[in-house]
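Input: a single structure, listed below in C-alpha cells.
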Amino acid sequence: MKKAVYPGSFDPMTYGHLDIIHRAAEVFDLLIVSVLNNKEKTPLFSVEERVKILREATKDLPNVQVDSFSGLLIDYAAEKDIHVAVRGLRAITDFEYELQIAQTNRKFSEGRLDTMFLTTSLEYAYLSSSTVKEIASFGGNISRCVPGFVADLIYEKYQIKTRSNAHEQQNRADNR
Ligand code: PNS
C-alpha cells in the first residue's frame, strides 16, 4: 500500500492545499493530511478546528484521512510507517525553505522519509493562508481562496458578520 503524509499548518486550509490533496490522493492509496500542533505559533484556528475544516473539505475523498501531530515529522511518519511526505511548491520563493526541510528530514530519518513535491496549479500559485487571513481581516472577498464554509468561519473569527456584509463594506469603502 502506497502511503503518504501531507503535513502543514493549514491555518486555514485554502483551495491551494485542497488542490494538492486531490492530486496526491490520485497518486497514493492512502494520504494522511496532518496538522502540525506548533505551540510557538499563535494560530487563528485551533488544531481541532483545522482538523474539522480539513475533514469537511475532504469528506468525498475515501483515501484521505485527517490527523494532527506534534514534534518531528520524521518521528510521526515512522510511527505511521509512512516513507513519503508530500508538499506543494508555489514559486521559486518556496523552494529554498522546502529544500532545506526535505533534505533535513531525509538525512535525519536516514533515508526513511523522502519528500515529493507537487507544483501548485497556476490559479492558486498566489495563495497563502496568511494573505487570506489578512484580506479577510479587512473584510475583503476571499471566495476565490477558500470554500464558502471556511470563509464564513474566518469572517466569524474576525467578527465580520457575513460575507455579503463584507462585500458591502468593501464596496462602500471603494466608493468613498
Ligand atoms: O504549512 P507549513 O507551516 O509551511 O508547514 C511546515 C511543516 C509542518 C511541514 C514543518 O514545519 C514541519 O514538518 N514541522 C514539524 C517539525 C519538524 O519535523 N521539523 C524538522 C524539519 S526542519
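Just so we're clear, the structure is a prediction, and the values are computed from it rather than from any experiment. All ligand and atom numbering here is 1-based and tracks the order in the structure.
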Residue portion contacting ligand 1 (non-hydrogen atoms closer than 4.0 Å) for N105: side chain

So do the side chains of I154 and L44 get within less than 4.5 Å of each other, counting heavy atoms only? yes

For ligand 1, which part of Y97 has a heavy atom less than 4.0 Å away: the side chain, the backbone, both, or neither? side chain

Give the atoms of ligand 1, by number and element, whose distance to some non-hydrogen atom of G8 is under 4.0 Å. 1 (O), 5 (O), 8 (C)

Nearest non-hydrogen atom to atom 15 (C) of ligand 1 belongs to which of S130, G71, P7? G71

Run the numbers for me: atoms of ligand 1, each under 4.0 Å from some heavy atom of K41, listed by number. 3 (O)

Please determine, by modelled atom types, if S9 and D11 share a side-chain donor-acceptor pair under 3.5 angstrom. no

Protein contact to atom 19 (N) of ligand 1 [nearest heavy atom, distance to 0.1 Å]: L72 CD2, 3.8 Å

Are there over 12 heavy-atom neighbours, none belonging to E123, within less than 6.0 Å of that residue's CD? yes

If you have a sec, work out which protein heavy atom is nearest atom 10 (C) of ligand 1 and how many Å separate them, to one decimal? I101 CD1, 4.3 Å

Under 4.0 Å, heavy atoms only, figure out whether ligand 1 is touched by the backbone of E98, its side chain, both or neither. neither

Do H22 and L61 come within less than 4.5 Å of each other through their side chains, counting heavy atoms only? yes

Quick one: which of S9, A102, S129, A77 has a heavy atom closest to atom 3 (O) of ligand 1? S9

If you compare L36, D94, V35 by their heavy atoms, the one closest to atom 12 (C) of ligand 1 turns out to be L36

Part of Q100 with heavy atoms under 4.0 Å of ligand 1, whether side chain, backbone, both or neither: neither

What protein heavy atom sits nearest atom 18 (O) of ligand 1, and how far off is it? L73 N, 2.8 Å

Under the 3.5 angstrom rule, does the side chain of D19 hit a backbone N or O of Y15 as a donor-acceptor pair? no

Test T14 against every option in I20, I142, V146 by the side chain to side chain contact (heavy atoms under 4.5 Å, CB included) rule and name the one that passes. V146

Is the backbone of Y124 close enough, under 3.5 Å, to the side chain of S121 for a donor and an acceptor to pair up by distance? no

What protein heavy atom is closest to atom 9 (C) of ligand 1, reported as residue, atom name and distance in Å? R87 NH1, 3.5 Å

Do L54 and I21 come within less than 4.5 Å of each other through their side chains, counting heavy atoms only? yes

Report yes if some heavy atom in the side chain of P43 is under 4.5 Å from a heavy atom in the side chain of F45; otherwise report no. no

